[in-house]
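Beneath this line is the structure, given in structure tokens, with notes to follow.
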Amino acid sequence: MADDQHLIRRMCRVTTMRFNVKLLLCVIIIAACLMSLSWWAKCGESQLGDSRLYPDRAEESGNHANYPQDPRDARVPKLRLNHETNAESYSNIECLINDEYTVSCRREGKEVYVPFSFLEKYFEVYGKIAVYDGLERFEWQHSYSKVYIPKGKYEPRGIFMSFENYNVEIRDRVKCVSGKEGVPITTQWGPQGYFYAIQIAQYGLSHYSKNITDKSPVVVSYMDSASIDSAARQWKLPDKSSKLSTVRDEELKRSVLEFHTSDTLTSPGVMLRLDRANELVLSTLVSFTGNGSLAVSVQMRDTKDIYTLHYVQSDTVISARGRAVYYGVGARTRWSRLTRDLFIDLQKGLPLIDRFSRKVKLKNLKVVAVFLRGGGRVADLTLSTTEHLRLFFLAADWLVANQDENGGWPIDVTRTLIPGVMELAPGWYSAMAQGQAMSALTRAYWKTREPRYAAAALAAADIFSVPSERRGVVATYMDKYRWYEEYPTTPSSFVLNGFIYSLIGLYDLGAMCGGSSGDGAVCTAAQAARVARLYRDGMVSLKAMLPLFDMGSGSSYDLRHVVVPGSAPNLARWDYHTTHINQLLLLTTIDDSPVLKNVAARWMEYMKGKRAKHN
Ligand SMILES: *[C@@H]1O[C@H](CO)[C@@H](O)[C@H](O)[C@H]1NC(C)=O
Ligand SMILES: *[C@@H]1O[C@H](CO)[C@@H](O)[C@H](O)[C@H]1NC(C)=O
């Protein structure tokens with residue numbers, strides 16, 4: 001998965017920095033006996049098992065911003081903390097590390113205390129002082145990431161893995177959600193920004209999953225067709241030459257608002273004053289005549305600053321000036337729906353206004369006005385807490401509209417795994433993109449039964465039969481095992497998480513085809529059999545090759561240590577390691593192979609510092 005977990009790492013860094021300051025005061029907390037490995041086991045068992053410690057930091061992937069910080073931080077009681085130390089019983093002692101350098105330690109009788117700031121770097125562990133229930137505690141974690149135990153059998157129409165916890169669009173590497181297409185634009189492998197099918201499919205899948213798990217949205221309608229005349233009276237006209245009326249629209253076959261006023265953005269426009277704090281997703285049908293535009297003003301509740309988000313009919317993705325952010329929504333002279341998460345749109349615009357802008361807090365925003373400029377019609381304007389399904393379908397529709405003649409979504413940036421050794425020139429396909437798209441498109445099909453989604457999902461499988469060297473995605477390991485490559489480099493890279501995502505996509509596709517026989521409705525029997533074989537072959541490879549990724553204390557991200565002579569393993573950082581585990585746990589609900597179960601269980605132990613036994 002090429003997806004973003006820097007946020008967590010940064011959070012961890014912040015936490016530990018905070019800790020380092022305290023460290024000076026508190027000096028020593030953790031006793032450690034560096035020479036003994038059994039030390040690990042002890043520590044591992046006694047304290048680390050408590051996942052309660054990091055309820056949100058442990059989130060898998062960049063989804064923190066919607067979560068409160070550590071909830072206990074908010075309820076730190078105002079009381080005197082116990083800082084008594086019997087300093088006189090400690091003495092200073094030098095710790096000589098591997099005969100190489102020294103660290104200043106403390107000694108108390110037979111025990112030696114090593115500074116945590118040293119241990120932290122030496123062992124890559126995480127710790128901070130936390131205060132709750134009137135006590136200070138030092139909380140130590142071996143990893144910063146969290147495993148989600150599946151609640152039941154994986155369902156191709158259900159939640160996608162643990163994606164209900166993802167918030168793709170908030171990630172820093174998402175430049176913004178494009179106004180024209182309504183999907184995220186990434187800066188991941190290229191600073192200019194581009195559409196990345198993996199990210200778009202994940203955006204769709206996360207909203208699809210949240211639609212299942214979130215509580216029902218609050219939807220405030222400003223244009224019920226029943227009461228549209230009274231709705232129309234709420235709007236304010238800037239001058240005598242501006243007009244606003246309700247008319248019957250022949251295409252929509254309902255009453256809509258028609259407006260006419262100056263189209264210049266400096267003119268006040270036709271305005272609807274609002275005051276909504278929680279409903280920050282706008283959705284409306286709109287059809288402009290000529291150069292119309294729609295704008296929304298949002299206010300920061302603390303500073304009272306007002307920012308305006310302009311949705312203008314241009315192709316410029318995003319720009320900003322003063323307290324205004326402009327999103328190009330393309331030509332909208334026929335009826336189309338505009339659905340915008342105003343919180344995200346402001347969040348992405350602020351850095352363009354002020355490079356050092358603070359992150360916006362969801363709770364700090366309210367919508368204060370909607371403006372219409374130029375001429376046109378609007379209907380069904382709502383503000384909601386969420387619009388998950390509409391956002392999901394924007395992603396699914398993008399996938400349908402942008403699939404090429406090979407059934408793929410070519411990625412137009414260079415991807416370098418190892419400079420000069422494993423590189424992909426722009427235009428490569430990714431089995432992960434194909435697989436995640438299948439997972440999104442099959443869900444779109446189940447929801448709507450529209451054949452175009454089924455056809456696109458099915459066509460996405462074609463590339464799984466084309467070898468990497470011929471711009472496909474299949475690698476073969478030891479002339480035997482077929483592996484669908486997230487990055488189809490030559491030599492092959494065998495990235496694990498991307499491969500498993502592609503298998504889940506094939507599984508979803510197989511389910512849509514109705515098993516290996518096909519029910520004829522969406523897949524022919526031959527197509528269904530082909531999909532089933534692709535999945536089966538992939539699972540055989542996974543079970544055979546999974547041990548190669550086991551590093552004894554963690555997992556490896558890919559197999560470069562096997563493929564490139566002399567290359568060191570590319571260890572998976574904790575969030576990728578937990579992705580591996582989450583994926584394996586998902587597979588164990590649909591395949592009872594002991595390999596998957598045992599490896600997943602062992603890899604979970606690694607997260608608490610356990611290691612494979614040595615001889
Ligand atoms: C999910 O989508 C359906 C259909 O749009 C909607 O009725 C429902 O309220 C949504 N639920 C959530 C939690 O988003
Ligand atoms: C359309 O409106 C935008 C924003 O008001 C303005 O910048 C642009 O010049 C207008 N274009 C035309 C052709 O009037």
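Order of listing sets the numbers, starting from 1, for every ligand and every atom in it. These values consider heavy atoms only, across backbone and side chains, with no hydrogens, waters or symmetry-generated copies. The model shown is predicted, which means the values in this text are computed figures rather than measured ones.
Between Y166 and F163, the ring-plane angle classifies as parallel under the 30° and 60° cut-offs. Using cut-offs of 30° and 60° for the angle between ring planes, the Y326 and H310 rings count as parallel.
Applying side chain to side chain donor-acceptor pair (under 3.5 Å) to H207 and the options E169, R390, E387 leaves one that passes, E169.
Not a single heavy atom of R390 sits closer than 4.0 Å to an atom of ligand 1.
In the vicinity of D214, heavy-atom distances shorter than 4.0 Å reach the ligand 1 atoms 13 (C). Close approach to H388 involves these atoms of ligand 1, each under 4.0 Å from a residue heavy atom: 14 (O). Here is the list of ligand 1 atoms found below 4.0 Å of a heavy atom in K215: 13 (C).
Looking at residues two or more places apart in sequence or on another chain, you find a salt bridge (charged side-chain N to carboxylate O under 4.0 Å, His left out) between R452 and D397, E450.
Selection from T213, T385, L389 by nearest heavy atom to atom 5 (O) of ligand 1 gives L389.
Shown here for Y154 and I159, the closest heavy-atom pair between the two residues is CE1-O, 3.8 Å.
At a distance under 4.0 Å, a protein heavy atom can be found next to atom 9 (O) of ligand 1.
Distance from atom 14 (O) of ligand 1 to its nearest protein heavy atom, with residue and atom name: N211 ND2, 2.9 Å.
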